[in-house]
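To start, the structure under review is shown below, and the notes come after it.
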Amino acid sequence: MTSLIDILYKVTINAVVGTTNVYVRNIHFNSRSVAVNDLFVAIKGSVVDGHNYIESAIQQGAIAVVCEYLPKTLKEGISYIVVEDSSIALAIMASNYYGNPSSNLKLVGVTGTNGKTTIASLLFQLFKKAGYKVGLLSTVVIKVDNKDYKATHTTPDSLTINRYLSEMNNEGVEFCFMEVSSHGIHQKRTQGLDFAGGIFTNLSHDHLDYHETFAEYRDVKKSFFDNLSSNAFALTNADDKNGAIMLQNTKAKQYKYGLKNYAAYKAQILENSFSGMLLKINDSDVWTRLIGGFNASNVLAIYATAELLGLEKTEILRLISELESVSGRFQYLISEENITAIVDYAHTPDALKNVLETINSIRTKNEELITVVGCGGDRDATKRPKMGHIASALSTKAIFTSDNPRTEVPELIIEDIEKGIEPQNFKKTLSIVDRKQAIKTACQLANAGDIILIAGKGHETYQEINGERTDFDDFKIVENLLKQLQK
């Protein structure tokens with residue numbers, strides 16, 4: 001049990017009805033989870049308003065309620081705390097409840113459209129190899145040193161974040177690397193956390209179903225850097241024009257990395273192949289198993305972050321050469337018939353363009369490049385024609401298919417994608433709604449030396465259609481199909 005007055009430390013309170021001199025067992029923002037002596041936080045969401053469930057939470061046993069406005073009927077013996085913003089209050093209270101765990105380790109947040117998972121996951125890998133106890137909060141997995149937990153969101157809710165950070169404290173974790181999504185920032189999930197640093201990767205077309213304009217999307221990302229303390233570092237990509245915007249109001253120490261533009265941390269690609277890249281980082285050469293210009297930028301961000309966190313340069317370079325690619329990020333296999341299949345999470349126009357340009361820069365042009373790609377349903381529809389344009393223009397054959405159609409009709413999503421095909425590229429495209437059949441067709445079309453790119457789902461091991469999730473792993477499916485074709 002924790003004192004309510006301690007939980008409310010640093011929360012901006014507008015009014016109190018009742019007493020703060022009570023003890024709370026747990027904090028919940030879902031009324032169905034509330035039990036006796038719990039604190040219920042009423043949050044106004046985009047779909048559901050938690051204020052409508054205050055009565056239900058009290059019936060379940062809530063002893064205190066945090067809300068933005070009081071219910072019409074007040075219950076005797078219940079403490080009501082009125083705040084300006086329940087989401088911010090929840091984040092601060094979650095941190096207090098778990099003993100402000102982020103201040104007991106070095107927490108680094110990674111934000112941007114593309115590269116978050118790769119950078120956060122590889123930093124985890126690098127610091128583990130350096131001998132440290134490390135934590136990871138990512139799209140793919142949550143790691144508390146050697147223990148893995150299933151990830152459900154890119155940025156979990158503030159209670160979940162602090163619960164895992166608290167567990168990291170208990171396990172003696174020294175560094176934690178965390179993906180910070182625009183949704184997570186906008187919904188105040190990272191408020192109350194003590195970040196040692198923030199990394200900005202890039203900004204491109206994504207999430208405009210949630211953020212109404214690109215400017216709003218950019219400014220939400222920027223607010224993460226605005227809130228960094230003067231003790232933290234802010235590391236941004238000098239090759240993205242939005243990198244400078246991220247730094248405009250930050251109190252953190254500012255650093256830049258880049259392949260093209262002037263920066264304190266700079267890199268050059270000396271060699272590029274399907275087995276990896278030779279990079280020059282500042283004045284030192286390093287081999288990495290990662291591939292492509294976008295990954296050169298990611299590796300550079302990792303190098304800069306490791307140095308800013310105190311690792312020695314030569315050790316960082318050695319560890320970079322040992323890093324293994326992240327699941328579903330340019331993950332590839334070569335079949336016995338010498339067909340290369342690549343699975344990548346590229347689900348934005350910019351990410352798809354980066355991956356295809358990387359493949360085209362490596363291949364000899366004597367091979368076919370067959371791309372299988374779709375777009376998610378119930379998400380930003382304006383990017384679909386752009387994805388169709390890029391896939392058809394940069395591939396020798398493009399097969400449009402389902403991604404996670406969710407509640408949308410797959411055929412209509414594909415029609416949106418097809419709108420981006422230029423007339424000269426129509427003959428290069430096919431549309432096959434069933435994703436497995438689309439991958440099978442790509443395998444059947446491929447000959448020795450050809451390359452198949454399966455884009456959009458990457459590490460995901462499911463496909464979501466009309467609210468139902470079924471097992472679906474792009475990498476396993478293409479691996480099995482290529483083996484069957486060899487028989």
Side-chain angles (χ1 to χ4, degrees), residues 108 110 114-132 134 136 138 140 175 177 199 201-202 235 237-239 255-261 263-334 338 340-346 351 354-364 367 449 451 453 458-459 475:
V108 176
V110 189
N114 303 311
K116 294 188 297 294
T117 302
T118 297
I119 290 172
S121 301
L122 292 179
L123 279 167
F124 173 89
Q125 206 183 119
L126 187 147
F127 276 76
K128 280 288 286 180
K129 288 177 181 290
Y132 294 96
V134 196
L136 174 68
S138 84
V140 179
F175 299 92
F177 303 101
I199 305 166
T201 60
N202 49 61
L235 176 67
N237 186 353
D239 296 335
Y255 301 90
K256 294 180 182 179
Y257 67 95
L259 274 68
K260 300 169 187 172
N261 294 312
Y265 296 96
K266 51 189 182 295
Q268 180 184 356
I269 302 172
L270 303 178
E271 292 178 23
N272 198 8
S273 69
F274 281 127
S275 59
M277 289 182 292
L278 180 63
L279 299 177
K280 182 183 281 294
I281 296 181
N282 288 350
D283 298 319
S284 303
D285 291 359
V286 62
W287 176 262
T288 173
R289 296 176 203 178
L290 278 76
I291 303 157
F294 61 98
N295 269 326
S297 185
N298 292 338
V299 169
L300 185 55
I302 290 160
Y303 174 89
T305 303
E307 189 179 304
L308 291 169
L309 290 173
L311 268 62
E312 201 269 324
K313 293 178 186 178
T314 53
E315 184 186 20
I316 299 169
L317 292 167
R318 178 182 65 80
L319 294 169
I320 282 173
S321 68
E322 296 176 8
L323 296 177
E324 297 172 7
S325 61
V326 179
S327 173
R329 268 67 178 176
F330 217 99
Q331 188 179 6
Y332 74 96
L333 63 89
I334 301 172
N338 197 32
T340 300
I342 300 164
V343 171
D344 194 271
Y345 188 53
N354 284 337
V355 172
L356 285 168
E357 285 182 344
T358 291
I359 296 169
N360 281 319
S361 71
I362 296 170
R363 73 186 188 97
T364 64
E367 332 86 334
I451 301 159
L453 170 66
H459 64 281
F475 195 83

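What you see is a predicted model, and the numbers here were worked out from it, not measured in a lab.
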Closest non-hydrogen atom pair, Trp287 against Glu271: CZ3-OE1, 4.4 Å

message: How close do Leu123 and Ala306 get, counting heavy atoms only, and between which atoms?
response: CD2-N, 4.5 Å

field: Those residues that, when tested against Lys128, pass salt bridge (charged side-chain N to carboxylate O under 4.0 Å, His left out) (two or more places apart)
entry: Asp145

- prompt: Hey, what do you get for CG (Asp239) to CG (Asn261), rounding to the nearest 0.5 Å?
  reply: 5.0 Å

- request: Look up atom OH in Tyr265 and atom OG1 in Thr305, then write down how far apart they are to the nearest 0.5 Å.
  value: 8.5 Å

Minimum heavy-atom distance between Ile199 and Ala301, given as atom pair plus value: CG2-CB, 4.4 Å

query: Taking atom CD1 of Ile316 and atom NZ of Lys129, what is their separation to the nearest 0.5 Å?
result: 15.0 Å

query: In Å, rounded to the nearest 0.5 Å, how long is the span from OG1 of Thr358 to CZ of Phe294?
result: 4.5 Å

task: State which residues pass salt bridge (charged side-chain N to carboxylate O under 4.0 Å, His left out) with Lys280; sequence neighbours excluded, sorted by chain then number.
output: Asp285

query: Would you say the side chain of Ile451 lies within less than 4.5 Å of the side chain of Phe274, judging by non-hydrogen atoms?
result: yes

field: Name of the residue among Leu319, Leu278, Ile320 meeting side chain to side chain contact (heavy atoms under 4.5 Å, CB included) with Val286
entry: Ile320

- prompt: Does Tyr303 reach the side chain of Lys313, with side-chain heavy atoms less than 4.5 Å apart?
  reply: yes

query: By salt bridge (charged side-chain N to carboxylate O under 4.0 Å, His left out), which residues pair with Glu307, not counting sequence neighbours?
result: none

task: Run through Asn298, Asp344, Thr117 and flag the one making a side-chain hydrogen bond (donor to acceptor under 3.5 Å, both in side chains) with Arg329.
output: Thr117

query: Hey, does the side chain of Asn237 reach the backbone of Lys256 with a donor-acceptor pair shorter than 3.5 angstrom?
result: no

statement: For Ile281 and Ala267, the nearest pair of non-hydrogen atoms, with its separation, is CG1-CB, 4.2 Å

- prompt: Can you find a heavy atom in the side chain of Val355 that is under 4.5 Å from one in the side chain of Phe330?
  reply: yes

- request: Mind checking the CG-CG spacing from Leu308 to Leu235? Nearest 0.5 Å is all I need.
  value: 6.0 Å

Taking every non-hydrogen atom, the tightest pair across Gly292 and Asn272: N-OD1, 3.6 Å

- prompt: Residues two or more places apart in sequence or in another chain: which of them pass ring pair (Phe, Tyr, Trp, His ring centres under 6.0 Å) with Tyr132?
  reply: Phe127, Phe175

message: Can you confirm whether Thr201 sits close enough to Asn114 that some side-chain heavy atom of one is under 4.5 Å from a side-chain heavy atom of the other?
response: no

task: Before giving the answer on side-chain contact (heavy atoms from CB on, under 4.5 Å), spell out for Asn282 and Lys266 the whole-Å C-alpha distance, their side-chain angles and the decisive distance to 0.1 Å.
output: CA-CA 5 Å; Asn282 288 350; Lys266 51 189 182 295; 3.5 Å; yes

Side-chain touch Glu322/Gln125, heavy atoms, less than 4.5 angstrom: no

- line: The single option from Leu279, Thr118, Ile119 that satisfies side chain to side chain contact (heavy atoms under 4.5 Å, CB included) with Val299 is Leu279

- prompt: How far apart are the closest heavy atoms of Tyr332 and Ile291, and which atoms are they?
  reply: CE2-CD1, 3.9 Å

query: Which residues pass the salt bridge (charged side-chain N to carboxylate O under 4.0 Å, His left out) test with Glu357, sequence neighbours left out?
result: Lys353

message: I'd like to check Asn295 versus Thr288 (side-chain heavy atoms, cut-off strictly below 4.5 Å). Are they in contact?
response: no

- request: State the NE2-OG distance between His459 and Ser121, to the nearest 0.5 angstrom.
  value: 9.5 Å

- request: Tell me, please, which residues at least two apart from Arg289 pass side-chain hydrogen bond (donor to acceptor under 3.5 Å, both in side chains).
  value: none

